[in-house]
Amino acid sequence: MKKIKYILPLVLIPIAIPVYEFLDVTLFINIFGCACPPPDGVERIFGNNFNANHFRSVVFSILAIIAIGFGGINSTKIKKRRNAIIYFICMCLINIPLAYIEITANVWK
């Protein structure tokens, strides 16, 4: 169980991606709309100023911050300072690019 808490920050975003994709297609697009003008001419709840792409950016930025935060908390529990610093740097170097890739690669056009 102790090892799971050290691995969780690494797998938080990859686990969230399929869940988010399902919710995006079934729910978020209907609420926020895509970045394109609505084909039916019906204005969305929040208009076209805030769309599903913006919501994706917010969600995955928050998930990256949470994962890095958990990594920071976990790194304080590692006894060797060098290993703690390496662990925290790895959390940053893995979660920030993962969030960036998810935000930029899967946008609605």
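For clarity, every value in this text was computed on a predicted model and none was experimentally measured.
Between Y6 and Y87, the ring planes are perpendicular. Angles over 60° get that label, and only those under 30° would be called parallel.
The closest side-chain heavy-atom distance from N74 to I78 is not below 4.5 Å. Considering only heavy atoms from C-beta on, I85 stays 4.5 Å or farther from R82 through its side chain.
For F55, the CZ atom is densely surrounded, since the number of other residues' heavy atoms within 6.0 Å is greater than 12.
Both F60 and I31 belong to a single network of hydrophobic side chains, linked directly or stepwise wherever heavy atoms of I, L, V, M, F, W or Y lie under 4.5 Å apart. Grouping the Ile, Leu, Val, Met, Phe, Trp and Tyr side chains by contacts below 4.5 angstrom, directly or via other members, places L23 with F32. Put simply, I17 and V19 are part of the same group of oily side chains (I, L, V, M, F, W, Y) that touch within less than 4.5 Å, one to the next. V59 and I65 fall into different hydrophobic clusters, defined by Ile, Leu, Val, Met, Phe, Trp and Tyr side-chain heavy atoms under 4.5 Å apart, directly or through other members. Hydrophobic clustering (ILVMFWY, side-chain heavy atoms < 4.5 Å, transitive): V58 and L98 are in one cluster.
Closest non-hydrogen pair, P9 versus M91, comes out as CB-SD, 3.4 Å. Looking at every heavy atom in both residues, A64 comes nearest to A99 through CB-CB, 3.8 Å. Heavy atoms only, all atoms of each residue included: A84 and S75 are closest at CB-O, 3.1 Å. Looking at every heavy atom in both residues, I94 comes nearest to L10 through CD1-CD2, 3.4 Å. In plain terms, the two heavy atoms of L12 and L63 that are nearest each other are CD2-O, 3.8 Å.
Annotation: the span from T26 atom OG1 to E21 atom CD amounts to 10.5 Å, rounded to 0.5 Å. Taking CD1 of I96 as the start and CD1 of I13 as the end, the distance is 9.5 Å to the nearest 0.5 Å. Atom OG of S61 and atom OH of Y100 lie 12.0 Å apart (nearest 0.5 Å).
In terms of modelled atom types and a separation under 3.5 Å, the side chain of N51 and the main chain of H54 share a donor-acceptor contact. A side-chain donor-acceptor contact under 3.5 Å links T76 to the backbone of I73.
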